[in-house]
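First up is the structure itself, then whatever we jot down about it.
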Amino acid sequence: METTSQEVVQRTAINESEESAITAFSIEPMSAKPFAFEVQDVMDEAEMLRSQASKDWQQFYVAGRNATKKTMQKVYGLFYVVMHSDTKDKVIDRMKAKLPEKKVRENTKEAAIFIRYVFGGPTPEEGFDDKQVHVYSVALEVAFSKLIEPSGFIDWVDGHKGGFEGIRAIAAASKGDTLNSEPWELGMSWARGADAVETIKADDWDEDEPCRILVAMPNGDGTASVKDTEMTLEHVQAVLAIYSKAVAERNKPKGKRRLSLSTGEKSARTLLKFDLSYQEQLLEENRFNLSDAIKRNHMLDKEKAEMNLCLAKAKIVGIKASIQALGAAGDAE
């Protein structure tokens with residue numbers, strides 16, 4: 001049987017196709033294992049990576065985040081003390097001097113100075129960037145304005161969804177309202193940071209009572225008795241507002257502060273008080289003498305009593321001014 005050229009071409013194509021199919025079929029897959037086993041192998045590997053990732057998360061991120069919160073608590077404690085101190089400006093100036101000039105401006109807030117100083121790092125790449133400085137400095141400002149005690153700082157941060165970023169978001173949403181405190185709240189803040197003079201029993205206080213205004217009455221023997229003014233909350237807040245203003249005034253560079261008297265000044269004031277008491281007695285006597293002279297219509301005694309009365313009044317004014325000059329009103333440091 002003769003074979004046509006067309007059949008030869010077709011047979012050749014079939015042979016080539018069969019050879020190609022055989023070659024393709026002979027290629028082994030990447031893994032000789034069944035597909036189901038490959039899935040399990042992948043899952044085992046993923047589980048191992050998941051475990052490692054969890055360890056890394058705990059070791060590096062969580063541990064780092066917790067370490068940062070602990071450091072921030074210490075920073076806030078330092079910030080809390082300094083902001084209540086008369087040496088605040090000196091501390092801030094020294095911190096500024098050690099920061100890059102391009103990172104500090106005249107209007108840079110104290111909280112930002114603290115954050116940049118503590119978390120600055122040896123180089124800009126290793127320290128907080130501008131966004132981080134802003135986030136953490138806002139946390140310091142808001143905590144301070146809300147009278148948060150340093151010991152409760154971490155709990156306060158954890159109480160916000162998102163932590164430090166959550167605090168910043170709330171502050172931004174309220175357009176800074178959280179940073180503005182009422183005058184009495186600032187007074188409370190100053191009072192919290194002041195040195196304690198005495199610890200008294202206070203188990204009858206209501207949990208919503210922020211504080212009480214007490215008055216120390218001198219006993220004249222180097223001691224003083226503490227009296228409760230029993231003011232209402234409204235009056236307490238009014239006094240705290242006055243206190244806040246007074247603290248702000250005396251914290252100015254040339255502000256007036258109450259100074260303790262020296263032994264000589266105390267002795268001089270005691271003598272002046274004795275003299276004041278004596279002149280006040282003379283004042284009453286001369287008033288009586290003047291009244292008696294008028295009743296008797298005795299002109300000479302009347303003129304003498306008037307002169308002595310004016311003299312006693314003048315001496316009383318002078319003595320009171322001298323007592324005040326010895327430190328009752330305080331002098332500028």
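- Atom CD of E306 and atom SG of C310 lie 7.0 Å apart (nearest 0.5 Å).
- Environment of NZ in K304: sparse, with no more than 12 heavy atoms of neighbouring residues, nucleotides or ligands closer than 6.0 Å.
- With hydrogens and angles ignored, the 3.5 Å screen pairs no side-chain donor or acceptor of Q279 with any backbone N or O of K313.
- The CG atom of D275 sits 12.5 Å away from the OG1 atom of T270 when rounded to the nearest 0.5 Å.
- K70 contributes atom NZ, which lies 6.5 Å from atom CG of N66 (distance to the nearest 0.5 angstrom).
- Every residue two or more places apart in sequence or in another chain was checked for a side-chain contact (heavy atoms from CB on, under 4.5 Å) with V81, and none qualifies.
- When atom types are taken as modelled, the side chain of D129 and the backbone of K131 share a donor-acceptor pair closer than 3.5 angstrom.
- Across all non-hydrogen atoms, the minimal contact from A139 to I167 is CA-CG2, 4.1 Å.
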Check your understanding: Hey, mind stepping through V239 and H235 against side-chain contact (heavy atoms from CB on, under 4.5 Å) and telling me if it holds?
Key -> CA-CA 6 Å; V239 173; H235 291 157; 5.6 Å; no
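- Judged by distance alone, with hydrogens and angles left aside, the side-chain atoms of S137 form no donor-acceptor pair with the main-chain N or O of I115 at under 3.5 Å.
- Side-chain atoms of H160 and I170, non-hydrogen and from C-beta on, do get closer than 4.5 Å to each other.
- Criterion: ILVMFWY side-chain heavy atoms under 4.5 Å apart, direct or through other members. Under it, F79 and I154 are not part of a common hydrophobic cluster.
- Using a 4.5 Å cut-off on side-chain heavy atoms (C-beta onward), I200 and L214 make contact.
- Partner Y136 forms a side chain to side chain contact (heavy atoms under 4.5 Å, CB included) with one of T68, V118, T71 and no other, that one being T68.
- Of all the heavy atoms in V236 and M231, the pair that sits closest is CG2-CB, 3.8 Å.
- Between the CD atom of E303 and the NE2 atom of H298 there is a distance of 10.5 Å, given to the nearest 0.5 Å.
- The side-chain heavy atoms of H134 and V138, taken from C-beta on, include a pair separated by under 4.5 Å.
- Taking NZ from K201 and OG1 from T199, the interatomic distance works out to 14.5 Å, rounded to the nearest 0.5 Å.
- Minimum heavy-atom separation, L272 to I323: CB-CG1, 3.8 Å.
- For the pair R94 and Y117, the minimum side-chain heavy-atom distance is 4.5 Å or more.
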Exercise for review: Show your reasoning for whether side-chain contact (heavy atoms from CB on, under 4.5 Å) applies to L283 and R287.
Suggested key: CA-CA 6 Å; L283 184 66; R287 282 174 175 167; 3.8 Å; yes
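- I148 and Y76 make their closest contact through O-OH, 2.5 Å (heavy atoms, listed as atom of the first residue, atom of the second, distance).
- Nearest heavy-atom pair across E165 and V135 is OE1-CG2, 3.5 Å.
- Between E265 and R269 there is no salt bridge, since no side-chain N of the basic residue sits under 4.0 Å from a carboxylate O of the acidic one.
- Linking ILVMFWY residues whenever their side-chain heavy atoms come closer than 4.5 Å, directly or via other members, leaves L271 and L282 in distinct clusters.
- Side-chain contact between R168 and V142: absent, with no pair of heavy atoms (C-beta onward) separated by less than 4.5 Å.
- The environment of NZ in K320 is sparse: at most 12 heavy-atom neighbours from other residues, nucleotides or ligands sit within 6.0 Å.
- By the 4.5 Å heavy-atom criterion applied to side chains, F164 and V157 are counted as neighbours.
- Using a 4.5 Å cut-off on side-chain heavy atoms (C-beta onward), V215 and V226 make no contact.
- Both F128 and I113 sit in one connected hydrophobic cluster of ILVMFWY residues. Membership requires side-chain heavy atoms under 4.5 Å apart, directly or through other members.
- Interatomic distance, D301 CG to K295 NZ, rounded to the nearest 0.5 Å: 14.5 Å.
- In this structure, V82 and E110 have side chains that are not in contact, with every pair of non-hydrogen atoms separated by 4.5 Å or more.
- Classified by interplanar angle (parallel below 30°, tilted 30° to 60°, perpendicular above 60°), the ring pair W156/F153 is tilted.
- Taking the six-membered ring for Trp and thresholds of 30 and 60 degrees, Y80 and F144 have ring planes more than 60 degrees apart, a perpendicular arrangement.
- No donor-acceptor pair closer than 3.5 Å links the side chain of S244 to the backbone N or O of L240.
- Minimum interatomic distance between K103 and T108 (heavy atoms only, all atoms of both residues): O-OG1, 4.3 Å.
- Under the 4.0 Å criterion applied to side-chain N and carboxylate O atoms, R116 and D130 are assigned as salt-bridge partners.
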